[in-house]
> 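Structure incoming, see below.
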Amino acid sequence: MTDTLTLEEQLAMTAGAAMWSTVGYEKAGIPSLSMADGPMGIASGRVDERDVALLTPCPTALGASWDVELTAKVGTLVGGEAIRMGVDMVLAPNVNLARSPLAGRAFEYFSEEPVLAGVLGAAWTSGLQSTGTASVVKHLVCNDSETDRDRMNAVVNERTLREVYLLPFELCAEAGAGGMLAAYNRVNGDWCAEQHHVLTTIVKGEWNYPGLIMSDWFGTHSTAATLRAGLDLEMPGPARFLGFKANDALEQGELDADRIKDAAQRVTRAALRFKQEKKALIAGKGANELLVEAAAAGFVMLRNEGGLLPLVPGRDKHIAIIGPNAAAPCYQGGTFAKIAVSPDAVRPLEAIKARFADHARVDYEPGVDPQPRLPAMPVRPIRDLGDGYAEGMTIDYYDGQGQDARLVASETRDTNSLVWFTGVHDDVATLDRPARIVARGMFHAEHSGDHIFYLGATGPVVMHLDGREILAQQEPIPSSDVMGKLKSGDARSVSLPLDAGQNAVIEIEFTYDPARVHGLWYGIRRPDTPEAMLARAVALAKQADAVILVVGETSDASVESKDRKDTHLPAEQIALIEAVTAANPRTAVVANVGHAFDTRWEDQAAALLIAWYPGEGFGEAIAQVLAGDREPGGRMPVAIAREESDYPAFSLTPDVNGDLVYVEGTRIGYRGMADPRHTLGEGSGYAEVALLAAQVERNDDGGLAVRATVENRSDRAGSDVIQIYRRAPELALCAFAKVHLAAGERRDIVIVIAHRRLQTWRDGWVDIENPGLFAGRSARDMAFDLPLPALESVG
């Protein structure tokens, strides 16, 4: 169809039409594609809490499930959401790797192990695309950290690049992914959008990949170099470097017309492929049940002394629920792909209370502040706009900064953080000229004492309380620094006394200068003290027969463009763990985190369950797992080191030249740890599953497969993951299988080992002479050696 287009029209297709859409030509039968961010659902391009979508477990939680079929179902569910929201292409899955536990977006990565990440990423891709929605796999390549990601240069050798960081993308390409998203960073000196060796030589050449490769948003830096490297589509639109902006380069001979035609054809193929008939295969009740199942499947139980878990209903007469994340769970990280979760999502506190209500007295104390950085803004709108919202701020938008400016729009927003983008929010906030936004709400003080007010914005902003100025940020912020200010989320604060029952009008006035994005954030912390919260929690723990201690992170612990400083839980939470476990050793710790973290305190607790960021099914899933209605089905997708210095890659700060050298090579994560505290694949359920036998044999096509016998020796259904590793040239996962067994069931399973898993790169793929295969249930469980069978002689 592109043959009917002029060269200028083909050129226009190499840039987006708008923020979330491609260029289409109705006359040629080429539709425009609509896009949205992922990977935990369909993110609203408006970053609007009212655009509610289903929130799935994070990729790390899916990685912990080791369940290919389940992961595909989750992808299918997201595909149905995309159809509901009019989206043709989803920017997901993220198959970068958890190279360091400090990575700010580690919760978006399936694993530190490329085989696990690639197999599950491919399954998710296939599931999504079964609905007729495109998967755009991201971020190609080595976008494994956030520090200076817009400038840093990942320095990585060819063997490591191919065997580790490109492998997950290759598996997704084999699964038929509709597109790939080039990363912001550089690799070996070239911007990812200009990386000819990766984009053209490997992906389009060696893999023969027919899909399109697009830039991450605003991730292009040049015209001719970008198109020559193999990038097909610049996003977002309108064009910055490609599209019609490339016409001069074409006329001057810097670009070949065939390259333009190829790019346009790839965009066209995607448009024709993903604008066909679509169908939501999982929705309604089935979707909700899947979200609970998937959450529980990723819970990893690393400790269960004395059989504390499950807490059999009726055994313990008084159960204490303690910890901030029981009432304020962390469902996801704070990226621009954040999903607006339904306000009806059941929290762990509510679900656990409901499950044990008929069997025990259940009490709760948070122990520490559940919103340590930016608390909520619990107010009523200052005006009723007839939109049905009884909570939140009334937001008024003006077309200028002066008091004589015209009111152009109003809305009610029940959130403590607002973001506006050019081309997305033009109906309310026009960002291409100076203007003003005013937020007003009525706050009701429930208790007497000091209340702390918080305020931050990407420009001058003032907060008034009952007409009196209490907070201000008057200094302007240059447009070049606006995005950095927005991502930092730093806020100023002031403490003021209020009386119980007092009503106070809060007014915030934000003035801004032109920029492509702006933001405003605020909150109120009610009276309490850390000492009083801890004392109440300890007193409750002493009274209870058993304690469920839910600790973890808030969404701003895992953010875009910022990596973490260390692997520790907040100091006040560690103090809470130590105090509560000392008061009651029958404590089960539930960790609501999105990455590898320090657990040196774990021996103080009877049980440790890692829940990751489990999506909106968290509440029901954790209640069912704690009660024994479901298994904790997860196994570790990442390793946890004994000391931070034991991680093969830890610091993510580039050197003075902007280089971040991947010095560990292929020995990423567990592969390079001599003695991890917990290694890849570790974990257990409530059922006792035994690996009875394993041997490797040759298939009819000459490939290898492992035949294993597993048995469930318990009186309840359960699951396990049988894992095949090689020892040489370094420890590495080759294949795996998740097996579900009924009580008492014995079964033979066959696990196929792909030939590539037994090869290494030496200026080409060559067989590993003696890989040293073994089978077990973790990277250090060498239950069965698997010597390779001899090749049959011919003639």
> Is the shortest side-chain N to carboxylate O distance from D67 to K73 below 4.0 Å?
no
> Got a donor-acceptor contact below 3.5 angstrom from the N584 side chain to the V547 backbone?
no
> Using residues 491-501 as the side-chain source, report each donor-acceptor pair under 3.5 Å to any protein atom, sequence neighbours left out, with the distance given to one decimal.
residue, atom, partner, partner atom, Å
R492, NH1, A472, O, 3.1
R492, NH2, E475, OE2, 2.3

> Salt bridge between D629 and R355, side-chain N to carboxylate O under 4.0 Å?
yes
> Using a 3.5 Å distance criterion without hydrogens, assess whether the side chain of Q604 forms a donor-acceptor pair with backbone atoms of T581.
no
> Partners of D316 by salt bridge (Lys or Arg N to Asp or Glu O under 4.0 Å), sequence neighbours excluded?
R586
> Test side-chain contact (heavy atoms from CB on, under 4.5 Å) on L455 and M463; report intermediate values, then the result.
CA-CA 7 Å; L455 180 65; M463 177 183 284; 3.7 Å; yes
> Once salt bridge (Lys or Arg N to Asp or Glu O under 4.0 Å) is applied, do any residues pair with E112, and if so which ones, sequence neighbours excluded?
none
> Within this structure, what is the CD1-CD1 distance for the pair I622 and I352, rounded to the nearest 0.5 Å?
6.5 Å
> Any idea which heavy atoms bring A294 and L70 closest together, and the distance?
CA-CD2, 3.9 Å
> With sequence neighbours excluded, what pairs up with Y364 under the side chain to side chain contact (heavy atoms under 4.5 Å, CB included) test?
I321, A326, A327, L349, K353, P366
> Hey, could you give me the CZ/CG distance between F110 and N94, rounded to the nearest 0.5 Å?
8.5 Å
> To the nearest 0.5 Å, how far apart are OG1 in T599 and CD1 in I640?
4.5 Å
> Strictly by side chain to side chain donor-acceptor pair (under 3.5 Å), give each pair with a member in residues 51-62 just once, sequence neighbours left out.
S44-D51
> Indicate yes or no: does R413 engage D387 in a salt bridge with an N to O separation below 4.0 Å.
no
> Is the closest basic N to carboxylate O distance between D720 and K738 below 4.0 Å?
no
> Who passes ring-ring contact (aromatic ring centres under 6.0 Å, His included) against F421, sequence neighbours left out?
F336
> Residues in salt bridge (Lys or Arg N to Asp or Glu O under 4.0 Å) with E553, at least two apart?
none
> Would you say the side chains of S417 and T415 form a donor-acceptor pair under 3.5 Å?
no
> Identify, with sequence neighbours excluded, every residue that meets ring-ring contact (aromatic ring centres under 6.0 Å, His included) alongside F443.
H451
> Does the distance from a Lys or Arg side-chain N to an Asp or Glu carboxylate O, for D528 and R526, drop under 4.0 Å?
no
> I'd like to know if the side chain of S111 and the backbone of P637 have a donor-acceptor N/O pair within less than 3.5 Å.
yes
> Who pairs with R373 by side chain to side chain contact (heavy atoms under 4.5 Å, CB included), at least two apart in sequence or on another chain?
D490, D556, K562
> Can you tell me how far CD of E69 sits from OG1 of T71, rounded to the nearest 0.5 angstrom?
10.0 Å
> Nearest 0.5 Å, please: how far is CG in N288 from CG in L290?
9.5 Å
> Just do the side-chain contact (heavy atoms from CB on, under 4.5 Å) check on L549 and V551 with the steps written out, would you?
CA-CA 6 Å; L549 178 55; V551 295; 4.0 Å; yes
> When you measure from the side chain of E391 to the backbone N and O of P378, does any donor-acceptor pair fall under 3.5 Å?
no
> Run the salt-bridge test on D545 and R315 with the 4.0 Å N-O cut-off and return the result as yes or no.
no
> Near Q502 CD, under 6.0 Å, is it more than 12 heavy atoms from other residues, nucleotides or ligands?
yes
> Is there a donor-acceptor pair under 3.5 Å between the side chain of R440 and the backbone N or O of I506?
no
> Closer than 4.0 angstrom, basic N to acidic O: yes or no for R50 and E411?
yes
> Within the distance-only criterion (no hydrogens, no angle test), does the side chain of N304 pair as donor or acceptor with the backbone N or O of A607 below 3.5 angstrom?
no
> Are the charged groups of E560 and R105 less than 4.0 angstrom apart, N to O?
yes
> What do you reckon, is NE2 of H444 surrounded by more than 12 foreign heavy atoms closer than 6.0 Å?
yes
> To the nearest 0.5 Å, how far apart are CG in L116 and CG in L680?
6.5 Å
> Tell me if the aromatic rings of F107 and Y613 count as close, with their centers under 6.0 Å from one another.
yes
> With a 3.5 Å distance limit and no angle check, can you tell me whether D363 reaches the backbone of A320 through a side-chain donor-acceptor pair?
no
> Determine which pairs satisfy salt bridge (Lys or Arg N to Asp or Glu O under 4.0 Å) with at least one residue from residues 594-613, sequence neighbours left out, and list them in order.
R303-D603, D598-R600, R600-E643
> Will you find, in the side chains of R635 and S65, an N or O donor that is under 3.5 Å from an N or O acceptor?
no
> Using the side chain to side chain donor-acceptor pair (under 3.5 Å) definition, which of the options Q624, E293, E620 pairs with R630?
Q624
> What heavy-atom pair brings F597 and A591 nearest, and what distance separates the two atoms?
CZ-CB, 3.6 Å
> Is a side-chain donor or acceptor of R525 paired with a backbone partner of P372 at a separation under 3.5 angstrom?
yes
> Between the side chain of Q543 and the main-chain N/O of L540, is any donor-acceptor distance below 3.5 Å?
no
> Are R716 and E631 within salt-bridge range, i.e. N to O under 4.0 Å?
yes
> Taking ring-ring contact (aromatic ring centres under 6.0 Å, His included) as the definition, give me every residue that meets it alongside F453, ordered by chain and number, with sequence neighbours left out.
none
> Who pairs with A53 by side chain to side chain contact (heavy atoms under 4.5 Å, CB included), at least two apart in sequence or on another chain?
E81, R84, M85, I339
